[in-house]
Colleague: 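Structure incoming, see below.
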2 protein chains.
Amino acid sequence: MVCRTADRADSTTGAGPSVENAALEHRCSLSSLLRSFAGEAAAAAVLEDRYFPVRPVPGGAALVHEEGTFRHLFFVQSGTFKFARCDEEGYEQVLGFAVRGDMIGMDGIANGRYTTSVIALEDSRAAVVAFSELRGLEADVPAMQGFLHRCASREVRRGLDALQLVCAVGADVRLARFLLQMSERNALIGHSGRRFVLRMSRRDIASYLGLAHETVSRAFTALAQGGYLTVSQRAIEIVDIEGLQSFQRLTRRTAELDAPRPLPGMATDAADFASPSALGDCAVA
Amino acid sequence: MVCRTADRADSTTGAGPSVENAALEHRCSLSSLLRSFAGEAAAAAVLEDRYFPVRPVPGGAALVHEEGTFRHLFFVQSGTFKFARCDEEGYEQVLGFAVRGDMIGMDGIANGRYTTSVIALEDSRAAVVAFSELRGLEADVPAMQGFLHRCASREVRRGLDALQLVCAVGADVRLARFLLQMSERNALIGHSGRRFVLRMSRRDIASYLGLAHETVSRAFTALAQGGYLTVSQRAIEIVDIEGLQSFQRLTRRTAELDAPRPLPGMATDAADFASPSALGDCAVA
DNA sequence: CGCAGCCTTGACCGTTTTCAATGAGGGTGG
DNA sequence: CCACCCTCATTGAAAACGGTCAAGGCTGCG
């Protein structure tokens, strides 16, 4: 499964403290965790540091199994994971991807079982934190206040973004949105937003976008011919990011924008708006 | 449309003000909140009860605006809401629905702004709780321990379910999945899972499923002709729920089921299933 | 009663899926 | 070291599916 990824090295050492010896390879401090997941300020506010084990996951192996008992949350340190569910026929539906800075396992809290498998796409590492311990930490460490809530909120938002990505448009627009999203996430963790290597197969992308993998392939060549990007296997370079962004806005169903509902009740709430101007009228035409 | 409702605005400010006379219509106790959202046990454990304002939202009006400042979480008491985003062309993408027992607003915690509009599909009511107050409650009231985490987890899971629903299949299978999901949620809140009335228009369903509304209409008649259900406008009766469930499993791409990956790293996670030691073995081969 | 949305149905056309064939890259074992 | 196998990616061609356009029925409301 390929680790010809020279570029991975730096990302590994990225946030951590001194990764000098083997011992630290497999541990991760609370402060470095907070640095990645809650910002520098929170990390600096940690007085008494603590350490968590880090689990290395070889490419293709599972970090979490669908239906597995929930006990831990995971924080991606390096590498890439995919979330997936299998229906009983064995068809695998990819539901998302996680890179450094993403939390894994939230979905398990409610019912005590994870609801998706989480599989490494390359050799990866994730800090392992028992949920119970994390809750104790939230109570004890001021800098941790609301940590889980913010992580959870991010997850929810990411889910909504993913939904919006998948819905409502043609194949190449979907792919454009996907690539822009990957670009953005790459940039967020300090990599290039213009040049990057996709760590997932075409088939994974296709599953995620709800398309046939051949269609994804064709969409790639279409975007390349459109001059938006160059593709060489999984290596992507976005050469016209603005063009791609405006292309991505294209929605097929432009006809429906009229839906001029006169709105029966009116009582929306000014209060939710900070500023008076507000884009308020969006929802309710 | 706009808010000629300047007067109503105060209801947003939450906790405090004039909830005096209309009284119980517009208030909701902490214990009843917990009953719906965390179970009877939690509700019974409340010693000192408290009350939250309940906001009535007429059908078609917005409870929350995309981009609105995050201050409150909402707990649906009655009625139905849809989550939606508008792209700049004005096309409305529906991202989900909420009924009694669902929480609204989680997505706002991370960045201080809501990321979707939330619009009532019929006359509805939602309890309004300031986030800050809720956090205080979690600290003070034992029965509230972990309340937000569980709610958040449910949201995450719901998002994943929605994603899975939308992806990867033909139109009528999507509709079948949607209806089964609605059925299940209806049953969860004590209504019939066999007969129910959809509160959203075909267009909303279509947007949610990423289809044209005509296609949704055709899918309804297809399922009806298949003998799975009867449809009269928005009233649904599922007559063959097992049949519908097995139909829903049909994935187009059945060819891919072969993908018999022997899963290279297998070491996966005995840890996740296994006992307490769990984290010890992070050094999975 | 008549208007306005909503839902349904039909026909046509474009996109995507499916089936099939080919080539590139990597790993394994002779 | 090379042949072989396997997976991944790409491309072509035919067929199916869903989208778009258009028309008509249904329901609720003024």
Colleague: For the side chain of B:Ser217, starting at C-beta, report the closest nucleotide among C:dC7, D:dT11, D:dT10.
Modeller: C:dC7
Colleague: Between C:dC7, D:dG18, D:dT10, which nucleotide has the shortest distance from any of its atoms to the side chain of A:His213?
Modeller: D:dT10
Colleague: Whole angstrom is fine here: how far is it from CD in A:Glu214 over to C1' in C:dA21?
Modeller: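 These atoms are roughly 12 Å apart.
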Colleague: Between P on D:dA9 and CE on A:Met200, what's the gap in Å once rounded to a whole number?
Modeller: 11 Å
Colleague: Using a 4.0 Å heavy-atom cut-off across all strands, classify A:Thr215 as base, sugar-phosphate, or nothing.
Modeller: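 Answer is base: heavy atoms of A:Thr215 come under 4.0 Å of a base.
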Colleague: Rounded to whole Å, please give me the gap between CZ in A:Arg174 and P in D:dG19.
Modeller: 10 Å
Colleague: Find the distance B:Leu175:CG to D:dG18:P and express it as a whole number of Å.
Modeller: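 The answer, rounded to whole Å, is 12 Å.
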Colleague: Select one nucleotide: of C:dT17, C:dT16, C:dC19, the one nearest the side-chain heavy atoms of A:Ala171.
Modeller: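 Closest nucleotide to the A:Ala171 side chain: C:dT16.
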Colleague: Round to a whole Å and report the spacing from CG of B:Asp204 to P of C:dG5.
Modeller: 16 Å
Colleague: Mind checking whether A:Leu163 and B:Gln93 have side chains closer than 4.5 Å, heavy atoms only?
Modeller: no
Colleague: To the nearest 0.5 Å, what is the distance between CZ (B:Arg218) and CD (B:Gln225)?
Modeller: 12.5 Å
Colleague: Rounded to the nearest 0.5 Å, what's the gap from CD on A:Gln248 to CD on A:Glu242? Could you check?
Modeller: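 Reported to 0.5 Å precision, the distance equals 13.0 Å.
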Colleague: Let me know the distance between CD of B:Gln233 and P of D:dG28, rounded to the nearest Å.
Modeller: 8 Å
Colleague: Should A:Ser201 be listed as having a side-chain N or O under 4.0 Å from OP1 or OP2 of D:dT7?
Modeller: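 No, A:Ser201 has no side-chain N/O under 4.0 Å of OP1/OP2 on D:dT7.
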Colleague: Looking only at heavy atoms, which two atoms of B:Thr215 and B:Ala171 are closest? And how far apart?
Modeller: CG2-CB, 3.7 Å
Colleague: Quick one: is D:dT10 close enough that its OP1 or OP2 comes under 4.0 Å of any side-chain N or O from A:Arg218?
Modeller: no
